K.L.:
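Below: one structure in structure tokens.
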Amino acid sequence: MRRFLPVLAVLALLASCGGDATDGPGPAPDSGIRGVVTTGPQCPVVQVGSPCPDAPWEGKINVTSDGFVTTTPTSADGRFSIALEPGTYTVLPFVSGPTSAEPVTVVVEAHRYAEVTLTVDTGIR
């Protein structure tokens with residue numbers, strides 16, 4: 001019987017914790033950031049009559065705010081969307097090699113998605 005006392009104590013403790021199995025994080029916020037990332041220039045010399053538009057950028061976006069860090073991928077057309085609580089965030093494409101990108105500060109308001117356009121510089125000149 002003494003062997004079962006610790007097991008009974010643990011079960012009693014778990015039963016007293018309350019809650020149900022559906023408890024967990026609440027629903028996703030109805031606010032966040034949506035955007036598109038492009039990369040350019042694509043041509044070493046842009047000539048009149050010969051357009052050289054920036055291309056969609058596919059990769060990961062880093063989102064930070066006061067120690068909070070998360071990432072989200074872009075789609076093949078450079079678009080991304082991430083649900084976030086209201087606040088101020090820094091958004092930056094994760095790049096490596098000769099490319100570079102500048103961070104963008106975005107303010108997310110309650111019940112809204114902030115729109116942002118990011119650019120990855122190819123370094124082509």
Side-chain angles (χ1 to χ4, degrees):
M1 180 69 174
R2 289 184 187 200
R3 292 174 57 192
F4 296 108
L5 286 178
V7 173
L8 290 174
V10 169
L11 290 174
L13 179 63
L14 290 173
S16 70
C17 289
D20 65 41
T22 62
D23 286 348
D30 62 348
S31 57
I33 301 172
R34 288 187 187 120
V36 64
V37 186
T38 59
T39 184
Q42 296 295 311
C43 304
V45 177
V46 177
Q47 299 175 358
V48 175
S50 179
C52 188
D54 290 351
W57 183 82
E58 189 172 3
K60 291 190 184 240
I61 304 299
N62 292 329
V63 180
T64 60
S65 176
D66 295 329
F68 170 79
V69 179
T70 190
T71 62
T72 190
T74 66
S75 61
D77 65 354
R79 298 197 177 280
F80 68 94
S81 180
I82 184 167
L84 298 164
E85 295 292 336
T88 302
Y89 297 89
T90 300
V91 185
L92 178 67
F94 180 75
V95 296
S96 62
T99 60
S100 64
E102 294 293 322
V104 174
T105 300
V106 180
V107 176
V108 174
E109 297 177 3
H111 314 295
R112 301 187 88 121
Y113 271 76
E115 298 285 335
V116 65
T117 299
L118 304 169
T119 303
V120 174
D121 188 333
T122 61
I124 296 174
R125 301 285 184 258

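Everything numeric in this text was worked out from a predicted model, so none of it was measured.
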K.L.:
Would you check if V108 and I33 make a side-chain contact, meaning some heavy-atom pair closer than 4.5 Å?
P.N.:
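Of all side-chain heavy-atom pairs linking I33 with V108, at least one is under 4.5 Å.
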K.L.:
Within a strict 4.5 Å, meaning less than it, do heavy atoms of the I124 and Q42 side chains meet?
P.N.:
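Answer no - side chains too far apart.
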K.L.:
Within the structure provided, determine whether F80 and L118 are in side-chain contact (heavy-atom separation under 4.5 Å).
P.N.:
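Touching, per the 4.5 Å side-chain cut-off.
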K.L.:
Apply the test side-chain contact (heavy atoms from CB on, under 4.5 Å) to residues N62 and V69: give CA-CA distance (whole Å), side-chain angles for both, the deciding distance (0.1 Å), then the verdict.
P.N.:
CA-CA 7 Å; N62 292 329; V69 179; 5.6 Å; no
K.L.:
Answer with yes or no whether the hydrophobic clustering places V116 together with V120; edges join I, L, V, M, F, W, Y residues whose side-chain heavy atoms lie under 4.5 Å apart.
P.N.:
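Per the 4.5 Å side-chain linkage, V116 and V120 are co-clustered.
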K.L.:
Please report the closest heavy-atom contact between T99 and T122, naming both atoms and the distance.
P.N.:
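So the minimum-distance heavy-atom pair works out to CG2-CA, 4.1 Å.
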K.L.:
Going only through I, L, V, M, F, W and Y residues with side-chain contacts under 4.5 Å, is there a path from V95 to V104?
P.N.:
yes
K.L.:
For residues 70-96, which residue pairs qualify under salt bridge (Lys or Arg N to Asp or Glu O under 4.0 Å), counting only residues two or more places apart or in two chains?
P.N.:
D77-R79
K.L.:
When you compare the side chain of L84 with that of Y89, does any pair of heavy atoms fall below 4.5 Å?
P.N.:
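Side-chain contact under 4.5 Å: yes.
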K.L.:
Is the closest side-chain heavy-atom distance between D121 and P41 below 4.5 Å?
P.N.:
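Heavy-atom side-chain distance check passes, below 4.5 Å.
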K.L.:
Considering non-hydrogen atoms only, spot the tightest contact between A83 and P29 and give its length.
P.N.:
CB-O, 3.8 Å
K.L.:
Atom CD1 of I61 and atom OG1 of T71: how far apart are they, to the nearest 0.5 Å?
P.N.:
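Output value for this atom pair is 9.5 Å.
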K.L.:
Taking atom CD of E115 as the centre, does the number of heavy atoms from other residues, nucleotides or ligands within less than 6.0 Å exceed 12?
P.N.:
yes
K.L.:
Tell me whether the count of non-hydrogen atoms from other residues, nucleotides or ligands lying under 6.0 Å of CZ in F94 goes above 12.
P.N.:
no
K.L.:
If you count the non-hydrogen atoms of other residues, nucleotides and ligands that lie under 6.0 Å from CG in D30, is the total more than 12?
P.N.:
yes
K.L.:
Taking all heavy atoms of T90 and all of P103, pick out the closest pair and write down the distance.
P.N.:
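Looks like CG2-CB, 3.6 Å.
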K.L.:
Does any N or O in the side chain of S81 come within less than 3.5 Å of the main-chain N or O of R34, such that one atom is a donor and the other an acceptor?
P.N.:
no
K.L.:
Working to the nearest 0.5 angstrom, can you tell me the gap between R112 CZ and S31 OG?
P.N.:
11.0 Å
K.L.:
Quick one, I82 with T70, criterion side-chain contact (heavy atoms from CB on, under 4.5 Å). Give me CA distance, side-chain angles, the key distance, then yes/no.
P.N.:
CA-CA 10 Å; I82 184 167; T70 190; 3.6 Å; yes
K.L.:
Closer than 3.5 angstrom, by distance alone: can the side chain of T119 be matched with the main-chain N or O of T38 as a donor-acceptor pair?
P.N.:
no
